[in-house]
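Read the structure below first, then the notes.
This one's a predicted model, so the numbers in the text were calculated from it and none came from an experiment. First the proteins, then the strands, lettered A, B, ... as listed; each starts at 1.
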2 protein chains.
Amino acid sequence: MLNQRQRDILRAVVDDYVSTAEPVGSRTLSRKYGLGLSPATIRNALADLEDEGLLRQPHTSAGRVPSDQGYRVFVEELMALSPLAPSVRADLLRRQAEAEDLRDLLTQTARLAAVLSGCTAIVRSPRPAGARIRALSLVPVTDRKLLLVVVSSTGAVTHRQVLLEEPIAPEEVAALAVGLQQHLLERPLDALTGRVLEGLAERMGRHRDLIRQVIGRVEAPDDAVVIAHTAHLARQPEFQQRVDGLLDFLDRPDRVLRWMQEVRGGSSSPGAVTIRIGAEHRDPELQGCSVVAASYTIGDEVAGEVAVLGPTRLDYATAVTAVSALAAGLSEVFGARLPGEGRQ
Amino acid sequence: MLNQRQRDILRAVVDDYVSTAEPVGSRTLSRKYGLGLSPATIRNALADLEDEGLLRQPHTSAGRVPSDQGYRVFVEELMALSPLAPSVRADLLRRQAEAEDLRDLLTQTARLAAVLSGCTAIVRSPRPAGARIRALSLVPVTDRKLLLVVVSSTGAVTHRQVLLEEPIAPEEVAALAVGLQQHLLERPLDALTGRVLEGLAERMGRHRDLIRQVIGRVEAPDDAVVIAHTAHLARQPEFQQRVDGLLDFLDRPDRVLRWMQEVRGGSSSPGAVTIRIGAEHRDPELQGCSVVAASYTIGDEVAGEVAVLGPTRLDYATAVTAVSALAAGLSEVFGARLPGEGRQ
DNA sequence: CTTTGGCACTCGCGATGCCTGAGTGCTAAC
DNA sequence: GTTAGCACTCAGGCATCGCGAGTGCCAAAG
């Protein structure tokens, strides 16, 4: 276990390294941080911390740098979170509430997270386990082309083209839409598995193939993740050589999505902030990176996450306050809007 | 005017520099390219080309590098375009035709362009001057929230939330939708200016405010540009120091859009390929970059562009064949689908 | 008159070596 | 337990050097 001095020093090392990106030496610590200790004393403490595996030396006569494990101790025990000023918080919430639609809301949130934290931000679209079909409509585009529009209880709108073999009359489309609505409205999206749909197709008789085609596509929503400000990653000195790998990773929504889900993984208690540091990531591209993610909720269910991504040397305290405030904002906006009263 | 030898040598310099990223010397040229000339002779020609402003020397005793102007001469007079193998072309078209909807089509196209050219690719959503409203629907989500869905003749689907002060009954929504359809279907999107809408709102009597709210938002489509594979930019040796500026630029869809429009600017003949090189860009972030853009059409109108972005040292021939093939593919897909027969 | 070989010259780049300064660990004194 | 002092280490900056790629110019050959 660490004693108070070691804790103070570890905190100082992390603070300094985060802001300078240079290994921190005993003299600097003694001068810049009010520890009231001589460099020599600090050196002893540093050596202890290194033995514990919380600090590393890039080379013999360099200062210390926090190890992944050191960051972990920092975020779990030492980090001083200063809550956002109420005015700032209110401003964030206002901006979120002003969003025009779901997409806009997520984009705005991601941008705000990026600006506040100085990192690349990622927001995962809401997909609560219990999302239901709130509205469903078939729009005839031509006599052989329909547009299926589904609005889920999260506010997500998905639309798919449906191309037909045979022409269909508008009245028939309308009848079909009513039929679908009867069977599908308020049903959970998750429940739209093969068997259920097969049954539905049977029951509705005509247009069986059409129905299959239509419904099989409802569950794949358009935007799984929104990413803002990748430029912040490229600015980090430690990534100069590897930006392309990271960009490549972020370019593939499916991978990012899987990864986000995995990050949340264990701790899925609503509102919790998950932090994953450096080697704790499985993906090789993400070595040297940390992610701070906060989940937001719709109703009482975890629906998605707001996250920021940066080098392990990142300002965890700022990141945590930013993502939790924004995730809370999302929860609030969803809470206010979605049960259905349509308040803006 | 350049003589044949100078032209051959300029072409060789560009070819070599594009593939190696190293300044090209007279010896290399004499060895690698079948010019049948001694290095000394080539040196004379190089000196001439430098006097013409088509080549530069990074420093005395280095090889030559094409200047922006040199690239311009290259693309206008010297570049040898080899058309794509029919099988490749067919494959591209097949992949485009398989796209599920507009969004998917544009994303696929951008990815293909990026892979073929080895550059970052940008596709601008179709917005032909004469795009019309093909379908329009109001989906009741709650009693105070509607979703307006508009399908344009380009296949673009836009949806907007409409929040109401007063609750509205579903039947009323349906009636309203019919009214809107009567007045708006097949009208050009461009014509939806304030005056027309005002008139419409008057004529429809009730729900005047609602109508205003609804229609004012139709014209701002969701996705103006699709960007693929920014990682390719980061990989370019010449951009190591400046990736962040470029990423920053690409992060703002509005700027990218404006810029794409400006690039097409002059030559708007359908199917034309526009190339803009280095200093020809106004934006300071784009110095040292080139863009190759081909426009695609819907009907006979230019609707948008497929473009690739890279360093001035880019493989213009490959880029040109790639973007023109893909733009032609888009034109074809739109041509086949959009008049309304819904063929896949 | 054009082409070419030869030659002197230039200059970036990588390797080498030196020095400095920041930083350490250890020990002995407080 | 803390601190001052000291010897030691090592990365990074700086100058030096040699190499090699490349040039321009000139005079001879075609």
Side-chain angles (χ1 to χ4, degrees), chain A residues 1-10 12-17 19-67 70 237-238 240-241, chain B residues 1-10 12-17 19-67 70 237-238 240-241:
Chain A
M1 219 45 248
L2 301 180
N3 60 34
Q4 190 54 43
R5 171 177 303 165
Q6 289 172 319
R7 297 160 63 91
D8 290 344
I9 289 180
L10 177 55
V13 171
V14 172
D15 283 349
D16 202 78
Y17 185 60
S19 64
T20 65
E22 294 291 330
V24 191
S26 53
R27 181 121 68 109
T28 316
L29 289 170
S30 159
R31 255 189 290 122
K32 274 179 38 181
Y33 298 84
L35 300 171
L37 296 172
S38 80
T41 312
I42 294 178
R43 281 204 284 281
N44 291 327
L46 289 176
D48 295 346
L49 288 167
E50 194 169 351
D51 290 343
E52 298 280 340
L54 306 183
L55 296 179
R56 287 183 310 109
Q57 265 185 301
H59 56 87
T60 328
S61 72
R64 286 348 196 263
V65 161
S67 66
E238 45 266 78
Q240 289 305 334
Q241 302 308 317
Chain B
M1 216 47 242
L2 301 179
N3 60 34
Q4 190 54 44
R5 170 178 304 166
Q6 290 172 319
R7 299 161 61 89
D8 289 345
I9 290 180
L10 178 54
V13 170
V14 172
D15 283 348
D16 202 78
Y17 185 61
S19 63
T20 65
E22 296 290 331
V24 191
S26 54
R27 180 121 69 109
T28 317
L29 289 169
S30 158
R31 255 190 289 122
K32 273 180 37 183
Y33 298 83
L35 300 170
L37 295 172
S38 79
T41 313
I42 294 179
R43 282 204 284 281
N44 292 327
L46 289 175
D48 295 345
L49 288 168
E50 193 169 350
D51 290 342
E52 298 281 339
L54 306 182
L55 296 179
R56 289 183 308 109
Q57 265 184 300
H59 55 87
T60 343
S61 96
R64 291 335 200 270
V65 161
S67 67
E238 45 264 80
Q240 289 305 332
Q241 303 307 318

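Look at CG on B:Leu46: it is 17 Å from P on D:dA21, rounded to the nearest Å. At whole-Å resolution of the value, CD1 in B:Ile9 and P in C:dT3 are 10 Å apart. To the nearest angstrom, P of D:dT2 lies 16 Å from CG of A:Leu29. The distance from atom CD of A:Glu22 to atom P of C:dG21 is 17 Å, rounded to the nearest whole Å. In this structure, A:Arg27 atom CZ and C:dG21 atom C1' are separated by 9 Å, rounded to whole Å. Atom-to-atom, CD1 of B:Ile42 to P of D:dA21 comes out at 16 Å; the value is rounded to the nearest Å. Rounded to an integer number of Å, the gap from B:Asn44 CG to D:dA27 C1' is 14 Å. In this structure, the NE2 atom of B:His59 is 12 Å from the C1' atom of D:dG20, given to the nearest Å.
OP1 and OP2 of D:dG1 both lie 4.0 Å or more from every side-chain N or O belonging to A:Arg5. A sub-4.0 Å separation between OP1 or OP2 of D:dT23 and a side-chain N or O of B:Ser26 is present. For A:Ser38, a side-chain nitrogen or oxygen approaches OP1 or OP2 of D:dT3 to under 4.0 Å.
When the nearest nucleotides of DNA chain C are assigned to B:Pro39 and B:Thr60 by heavy-atom distance, the more 5′-ward of the two goes with B:Pro39.
Contacts of B:Thr41 with the nucleic acid, taken as non-hydrogen atoms under 4.0 Å apart, include base atoms. Residue contacts shown for B:Ala40 include a base, since a base heavy atom lies under 4.0 Å away.
Taking every side-chain heavy atom of A:Thr28 into account, C:dG23 is the closest of D:dG24, C:dC11, C:dG23.
Between A:Glu50 and A:Arg56, no side-chain nitrogen of the basic residue sits less than 4.0 Å from a carboxylate oxygen of the acidic one, so the salt-bridge criterion is not met.
The side chain to side chain contact (heavy atoms under 4.5 Å, CB included) with A:Leu49 is formed by just one residue from the set A:Gln6, A:Arg7, A:Arg64; it is A:Gln6.
B:Ser30 places no side-chain N or O within donor-acceptor distance of the main-chain N or O of B:Ser38, the cut-off being under 3.5 Å. When atom types are taken as modelled, the side chain of B:Thr41 and the backbone of B:Leu37 share no donor-acceptor pair closer than 3.5 angstrom.
Residue side chain B:Arg43 reaches the base of C:dG6 through a donor-acceptor N/O pair under 3.5 Å, judged by distance alone.
A:Val65 has its side chain out of reach of A:Val13: every pair of non-hydrogen atoms, C-beta onward, lies at least 4.5 Å apart.
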